[in-house]
Protein chains: 2
Amino acid sequence: MTDNDQTPLDGVDRALVDALRKDGRTTLAVLSEISGLSLSAVQVRVRKLEARGVITGYRAVVNAEAVGLPLAAFIEITPLDQAQEDDAPERLRGMPGIESCYSVAGNANYLLVTRVASPRALEELLGRIRRTAKVSTRTTVVLQTYFEGQMTEPG
Amino acid sequence: MTDNDQTPLDGVDRALVDALRKDGRTTLAVLSEISGLSLSAVQVRVRKLEARGVITGYRAVVNAEAVGLPLAAFIEITPLDQAQEDDAPERLRGMPGIESCYSVAGNANYLLVTRVASPRALEELLGRIRRTAKVSTRTTVVLQTYFEGQMTEPG
DNA sequence: TGTGAAAAATCTGTAAT
DNA sequence: ATTACAGATTTTTCACA
């Protein structure tokens, strides 16, 4: 029961989730004020949100440049051999430099979000991807990041 | 001094950052064990990493479907009027549904990562983007997310 | 679910080495 | 940097409506 529970979130849950998305270290006391519930009740709510898989974890957000990965790129990939099973995502999972993997509706089959140290490292990553997943690649290099991971609610 | 300090990270800093990326709530006691440093020293280190802008914040990671935003899409945009100043990122900042904005090297000028509630909401978002930033759009819809925000170190 | 209060753990700051 | 200590804060647990 660590995932999937279609029970929709009520107003309080949404408020808690929003607060924790902005600051993953928001204390129960603050969450209590925000929601109007008691501290204990808030704790139970948060525990349930975690158990239901609504909140999947807590992460420190890191400056990519500061940790030596200043070069980001989107890489669209398409299997070379149509007959071959589509296990590209599984093959690429865990490969250093690959942050995310999506299947997409478009010319390419998959889209990867990657982050590496240098153009040279990107070249190496591309080679590794092509060999490992037997795919062709189309790379879009990121020149500047204006904002990332912004969280705006649809009202 | 909340940002930008080109001092490279040493091994301990890297270990601390890695641990906090995996779990933003890792306690100082645990970080102390991991790094081998005393709790006090670890506290100072983490404070400095935050002050230097290496760690920019802490966030709860949320299941997009659970919070009512099951439809993700990458939207490439290109200003319609060449003469017009390139202020698209500024115009789009904070717009509900837009998560990230990059300038990219490729056919398009910018790439947006978006997340909305439905195809209808995506249609509305596209309209809002075109009107607000005066751009043409090329949308790639995400069909499935295999993994996201994975953090693998280049060894 | 919810509340409230006590117990345990964690964080923060200071001081001496 | 390390250890040690004290006070404040936070989290956890328990009893109960």
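Residue numbering restarts at 1 for every chain, and letters A, B, ... go by the order of the sequence lines. From a predicted model like this one, the values you see are computed outputs, not experimental measurements.
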Separation of atom CZ in A:Arg45 from atom P in D:dT12, rounded to whole Å: 18 Å
Quick one: which protein N/O atoms are closer than 3.5 Å to N/O atoms of nucleotides 3-11 of chain D? Pair and distance per line, please.
unit_1	atom_1	unit_2	atom_2	d
D:dT11	OP2	A:Leu28	N	2.9

In whole angstroms, the gap separating C1' of C:dT10 from CG of B:Leu20 amounts to 15 Å
Residue pairs involving residues 137-149 of chain B (criterion salt bridge (charged side-chain N to carboxylate O under 4.0 Å, His left out); sequence neighbours excluded): B:Glu76-B:Arg138, B:Arg115-B:Glu148
For residues 17-56 of chain B, which residue pairs pass the ring pair (Phe, Tyr, Trp, His ring centres under 6.0 Å) check, not counting sequence neighbours? none
Can you list the other members of the hydrophobic cluster that holds B:Val142, where links are side-chain heavy atoms under 4.5 angstrom apart? A:Phe74, A:Tyr102, A:Val104, A:Leu111, A:Val113, A:Val142, B:Phe74, B:Tyr102, B:Val104, B:Leu111, B:Val113
Remaining members of the apolar cluster that contains A:Leu80, side-chain heavy atoms under 4.5 Å: none
All pairs passing ring pair (Phe, Tyr, Trp, His ring centres under 6.0 Å) where residues 6-42 of chain B contributes a residue, at least two apart: none
